[in-house]
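A short write-up of the structure that comes next.
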Amino acid sequence: MKSGREYWGGKMIYLDENQTAQLISHDLAYIAVKEALVAATRNETRLFPVVNASGPQTDSVFSLKSACTSTLVGWKTGTYWPDNQNIPCHGTTVFLLSPQTGELVAAVAASKVNAYRTAAADAVAVDYLARKDASVLSVFGTGHQAEYEVLAISAVRQISRVIVVGRNKSNTESFVGRLAKQGVPAEAGTAQFACEHADIIVTATTAKEPLFVADWVKAGTHISAMGADKIGKQELPVALYQYAKLYCDHKPQSLVIGEFQHTQDASITEIGKVIAGESAGRESANDITVFDSSGIAVQDLFVAAKLIELSQK
């Protein structure tokens, strides 16, 4: 990748939410995130500890995730202001600096983009770790992110059935209906039913305890978990790790704020090494594979750079 100065001629670039929402696609997000996951394993890339903070309103929070490569330097700010009226509660902005001078060269509003980027990480993991014939997808969660997860995964596997597990019956039925309108065959199910029938399990929740029992997961299943991004969050049963093959986006972060904060002594492989052919992925049709997506800044930088490139054409 070129530097921001080479891309943009030294001019400060700003892409607003309307622009980035028009430019983003599952294909763009997949390509950028795949490249970023490989870059995250390279010596030239540095990923810094996540900073979580709060605003003056009750329960408002924001986070800073930053990274540096030889060509991209910057950070992503994620916000959550629960009392917002007539504007979204969640927000995302990516800032890029010149690697040569440290000047701010771009600001990219990326709230919708963030949903695509997050789903893309799980889709890449499915593409590299799930069985090629995997066709039944079970998704835990019925919120904003869950829909993007289903659509992104449907782009890398021929999904014949989606089983939705939600806490709220009305929300679950609404989500099933939204998927059906997009041509995705979906139905509601219990956690046990969903696990026992799934080839792929995706968890997209804010849970702080396991969503299911390890014994419910059948041989050959792939699991992509994206909900754990802070200390104390948890979606998966620790008992699963005794016999599953474990993967993540960035091990130091996964062990601190990701799903694997709950298992400090397990063998964990960064998926970028699998993509690059440096580490083994699935080796048997019976393997259970688990991917923890804690969300790393280098993904945001790569996606933002591609959006800027596209906007300049």
Side-chain angles (χ1 to χ4, degrees), residues 13-37 50 55 60-67 72 74-96 106-126 139 141-156 162 164 171 174-175 177-179 181-184 202-206 224 226-227 229 249 293-313:
I13 298 291
Y14 174 64
L15 298 182
D16 64 30
E17 187 65 32
N18 288 332
Q19 290 173 291
T20 58
Q22 290 295 318
L23 292 168
I24 191 62
S25 67
H26 287 296
D27 285 345
L28 184 150
Y30 179 96
I31 293 168
V33 167
K34 179 179 171 180
E35 292 175 358
L37 288 168
V50 176
S60 60
V61 296
F62 64 96
S63 65
L64 298 171
K65 291 184 175 182
S66 53
L72 289 171
W75 68 95
K76 187 269 287 287
T77 300
T79 63
Y80 176 62
W81 256 244
D83 295 332
N84 282 356
Q85 301 293 325
N86 302 318
I87 60 174
C89 295
H90 291 274
T92 300
T93 308
V94 182
F95 300 89
L96 299 177
V108 179
S111 296
K112 187 171 185 178
V113 167
N114 192 65
Y116 279 85
R117 163 269 208 196
T118 300
D122 285 336
V124 170
V126 167
V139 56
T142 60
H144 175 74
Q145 187 60 43
E147 185 171 342
Y148 288 92
E149 299 283 327
V150 172
L151 297 177
I153 289 168
S154 295
V156 299
V162 176
V164 178
N171 290 345
S174 176
F175 182 34
R178 293 200 308 273
L179 292 176
K181 288 180 181 178
Q182 297 178 79
V184 178
V202 171
T203 57
T205 75
T206 58
S224 282
M226 55 73 53
D229 58 0
D249 46 16
S293 177
S294 61
I296 52 177
V298 70
Q299 296 170 342
D300 302 292
L301 304 190
F302 274 57
V303 172
K306 286 193 181 295
L307 290 172
I308 293 171
E309 287 180 61
L310 190 56
S311 75
Q312 302 298 297
K313 293 182 177 179

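For the single chain, residues carry numbers from 1 onward in sequence order.
- Among residues two or more places apart in sequence or in another chain, the side-chain contact (heavy atoms from CB on, under 4.5 Å) test is passed with Ser174 by Arg178.
- Residues Val303 and Val108 form no side-chain contact, since every pair of their non-hydrogen atoms from C-beta on lies 4.5 Å or further apart.
- Residues satisfying the side-chain contact (heavy atoms from CB on, under 4.5 Å) criterion with Asp16, sequence neighbours excluded, are Tyr14, Asn18, Gln19.
- Annotation: side-chain hydrogen bond (donor to acceptor under 3.5 Å, both in side chains) contacts of Asp249 (sequence neighbours excluded): Ser294.
- The two residues Asp122 and Ser293 come nearest to each other via the heavy atoms OD1-CB, 3.5 Å.
- Phe175 meets the ring pair (Phe, Tyr, Trp, His ring centres under 6.0 Å) test with no other residue; sequence neighbours excluded.
- By the salt bridge (Lys or Arg N to Asp or Glu O under 4.0 Å) test, Lys65 is found to be paired with no residue, residues two or more places apart in sequence or in another chain being considered.
- Gln145 has its side chain within reach of Thr118: a pair of non-hydrogen atoms, C-beta onward, lies under 4.5 Å apart.
- Contact between Ala67 and Val298 at its shortest, heavy atoms only, is CB-N, 3.8 Å.
- Tyr116 contributes atom OH, which lies 10.5 Å from atom CG of Asp27 (distance to the nearest 0.5 angstrom).
- Here Lys112 pairs with nothing under the side-chain hydrogen bond (donor to acceptor under 3.5 Å, both in side chains) rule; sequence neighbours left out.
- Here Lys306 contributes atom NZ and Leu301 contributes atom CG; the two are 13.0 Å apart, rounded to the nearest 0.5 Å.
- Interatomic distance, CD1 of Ile31 versus NE2 of His26, reported as 13.5 Å (0.5 Å rounding).
- When all heavy atoms are compared, the tightest approach of Glu17 to Ala110 is OE1-N, 3.5 Å.
- Qualifying side-chain contact (heavy atoms from CB on, under 4.5 Å) partners for Pro88, counting only residues two or more places apart in sequence or in other chains: none.
- Nearest heavy atoms, Thr20 versus Ala109: OG1-O, 2.7 Å.
- Residues in residues 75-95 take part in these salt bridge (Lys or Arg N to Asp or Glu O under 4.0 Å) pairs, two or more places apart or across chains: Lys76-Asp300.
- For the atom pair CG (Asp229) and OG1 (Thr206), the distance works out to 9.5 Å, reported to the nearest 0.5 Å.
- Side-chain contact between Val94 and Thr77: absent, with no pair of heavy atoms (C-beta onward) separated by less than 4.5 Å.
- Using a 4.5 Å cut-off on side-chain heavy atoms (C-beta onward), His90 and His144 make no contact.
- Summarising the geometry of Pro82 relative to Ser60, their closest heavy-atom pair is CD-CA, 3.8 Å, with the distance given to 0.1 Å.
- Judged as a side-chain hydrogen bond (donor to acceptor under 3.5 Å, both in side chains), and not counting sequence neighbours, the contacts of Gln182 are Glu147.
- What you find for Ser111 and Gly91 is that their closest heavy atoms are OG-CA, 3.3 Å.
- Ile308 CD1 to Leu96 CG: the interatomic distance, rounded to the nearest 0.5 Å, is 5.0 Å.
- Side-chain contact check for Leu28 versus Leu23: every heavy-atom pair is 4.5 Å or farther apart.
- Residues meeting the side-chain contact (heavy atoms from CB on, under 4.5 Å) test with Ala120, sequence neighbours left out: Ala29, Val33.
- Side chains of Thr79 and Thr92 form no contact here, defined as non-hydrogen atoms less than 4.5 Å apart.
- By the side-chain hydrogen bond (donor to acceptor under 3.5 Å, both in side chains) test, Tyr30 pairs with Asp127, sequence neighbours left out.
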Start with the C-alpha gap between Tyr80 and Phe62, add the side-chain angles, then the distance that decides, and say whether ring-ring contact (aromatic ring centres under 6.0 Å, His included) holds.
CA-CA 6 Å; Tyr80 176 62; Phe62 64 96; over 10 Å; no
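- For Trp75, the ring pair (Phe, Tyr, Trp, His ring centres under 6.0 Å) partners are Phe95, not counting sequence neighbours.
- With contacts defined as side-chain heavy-atom distances shorter than 4.5 Å, the pair Val113/Leu307 qualifies.
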